[in-house]
Amino acid sequence: MRHGRWRFLLGALVPALVLHVVFVLSPYAQAFYLSLTDWTGVSGEAHYVGAGNYARLGGDSLFLDAVRNNAVMLVVVPLATIALGLGLASLLRTRRGAAGYQIVYFFPQLLSLVVIGVLWSFVYNPNTGLLNSGLRAVGLGFLAKSWLAEPGLALAAVMAVLIWSSVGFYVVLFRAAIDGIPPELYEAALLDGAGGWTTFRRLTLPLVRETVQVAFVYLGIAALDGFAVVQVMTVGPGGPDGATEVIGLSLYRNAFTYGRFGYASAMGVALFFATLTLAVLALRAGRSSRVELA
């Protein structure tokens with residue numbers, strides 16, 4: 001090491017850097033280039049069109065529907081998942097048999113999103129689905145709906161599936177963060193007469209803020225995707241009337257159905273920068289609110 005330190009470092013780092021450039025950075029660069037062309041995906045030629053593909057995005061009504069739906073998901077899915085995850089994790093802190101509950105909550109993580117989408121498609125079936133059948137069984141048949149066929153309900157039904165599939169993981173994550181808080185702080189809060197909500201708001205939440213911040217980034221990325229669940233569950237897919245259209249689905253359709261790989265690459269680049277912006281803003285916002293234990 002004393003005589004061949006740089007040789008050792010280069011030998012250890014260069015292969016990893018080469019693989020990263022070839023398999024990560026190179027596809028990004030190709031996508032950026034293709035977004036400036038009219039490549040069809042099969043032709044040997046790609047004509048340069050400049051920013052023409054990006055200009056088309058602003059006039060594509062279906063793509064704008066996808067942006068709107070992803071924006072709604074970006075707000076609802078992370079907030080609802082984090083709220084449920086934190087609430088359940090806080091309740092488990094003082095409950096016996098908490099490990100068993102965590103296993104139950106975590107179970108959806110063992111299933112792929114495709115399997116989850118198929119299962120919930122059966123649940124939402126208007127005629128034989130578990131949801132409508134359960135409503136009818138308890139005398140609430142008037143609430144039975146065609147959950148995935150009504151424009152006003154379809155996106156909410158999809159978001160409910162995303163939240164259900166994600167919350168178990170964040171229960172385990174938040175429970176681990178809460179377990180890292182010294183119990184003496186909770187004892188002091190109890191002696192001061194703080195109730196459950198006050199303890200959660202003034203003690204638990206500030207001390208797990210960094211974990212919540214990381215969770216928001218990951219959930220935001222998932223909300224900006226949503227392709228697998230929408231592809232499996234919805235009519236069209238993306239319907240009805242574009243009510244569940246997402247950017248990933250528009251990208252897939254333009255590339256593999258219409259043969260507009262250049263235009264699809266422009267959508268991918270737009271999604272890339274949206275995701276990058278979300279991550280940067282979320283991480284920067286958490287810096288000023290960091291709480292440290294003395």
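Each residue takes its place number in the sequence, starting with 1. Heavy-atom basis, side chains included; hydrogens, waters and symmetry copies ignored.
- The ring-ring contact (aromatic ring centres under 6.0 Å, His included) search around Phe261 returns Trp39, Phe256, not counting sequence neighbours.
- With sequence neighbours excluded, no residue forms a ring-ring contact (aromatic ring centres under 6.0 Å, His included) with Phe216.
- Shown here are the side-chain contact (heavy atoms from CB on, under 4.5 Å) partners of Val75, two or more places apart in sequence or in another chain: Leu79.
- Separation of atoms OG (Ser166) and CH2 (Trp164) is listed at 10.0 Å; rounding is to 0.5 Å.
- Applying the side-chain contact (heavy atoms from CB on, under 4.5 Å) criterion to Val21, with sequence neighbours excluded, gives Leu25.
- Identified under the salt bridge (charged side-chain N to carboxylate O under 4.0 Å, His left out) test for residues 31-48, with sequence neighbours left out: none.
- In this structure Asp60 satisfies the salt bridge (Lys or Arg N to Asp or Glu O under 4.0 Å) test with no other residue, sequence neighbours excluded.
- In terms of the ring-ring contact (aromatic ring centres under 6.0 Å, His included) criterion, residue partners of Phe227 (sequence neighbours excluded) are, by chain and number, Tyr252.
- Residues Ile247 and Val67 are in side-chain contact: their nearest non-hydrogen atoms beyond the backbone lie under 4.5 Å apart.
- Within the 4.5 Å cutoff, no side-chain heavy atoms of Tyr170 are placed close to those of Leu84.
- With sequence neighbours excluded, the residues forming a side-chain contact (heavy atoms from CB on, under 4.5 Å) with Val77 are Met73, Thr81, Met159, Leu162, Ile163, Ala223, listed by chain and number.
- Here OH of Tyr54 is found 8.0 Å from CG of Leu57. Values are rounded to the nearest 0.5 Å.
- Between Leu135 atom CG and Leu143 atom CG the span is 6.0 Å, to the nearest 0.5 Å.
- Using a 4.5 Å cut-off on side-chain heavy atoms (C-beta onward), Val246 and Asp225 make no contact.
- Partners of Ile178 according to the side-chain contact (heavy atoms from CB on, under 4.5 Å) rule, which considers only residues two or more places apart in sequence or in another chain, are Ala89, Ser90, Arg93, Tyr186, Thr204, Val208.
- The shortest distance between side-chain heavy atoms of Val171 and Phe106 does not fall below 4.5 Å.
- Val158 is not listed as a side-chain neighbour of Trp120, based on a closest heavy-atom distance of 4.5 Å or more.
- Arg68 meets the salt bridge (Lys or Arg N to Asp or Glu O under 4.0 Å) test with Asp65; sequence neighbours excluded.
- Each side-chain hydrogen bond (donor to acceptor under 3.5 Å, both in side chains) pair with one or both residues in residues 235-248, not counting sequence neighbours, appears once here: Glu245-Ser250, Glu245-Arg253.
- Taking the side chain as every heavy atom from C-beta outward, Thr275 and Leu271 approach each other to under 4.5 Å.
- The ring-ring contact (aromatic ring centres under 6.0 Å, His included) check on Phe272 picks up Tyr28, Phe32, with sequence neighbours excluded.
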_side chain to side chain contact (heavy atoms under 4.5 Å, CB included) between Thr40 and Arg260, intermediate numbers included_ = CA-CA 5 Å; Thr40 63; Arg260 298 197 291 244; over 6 Å; no
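- Side-chain atoms of Ser265 and Asn53, non-hydrogen and from C-beta on, never get closer than 4.5 Å to each other.
- Considering CG of Asn132 and CG of Asn125, their distance stands at 8.0 Å, rounded to 0.5 Å.
- Here the side chain of Tyr124 pairs a donor or acceptor atom with the backbone of Ala157 at under 3.5 angstrom.
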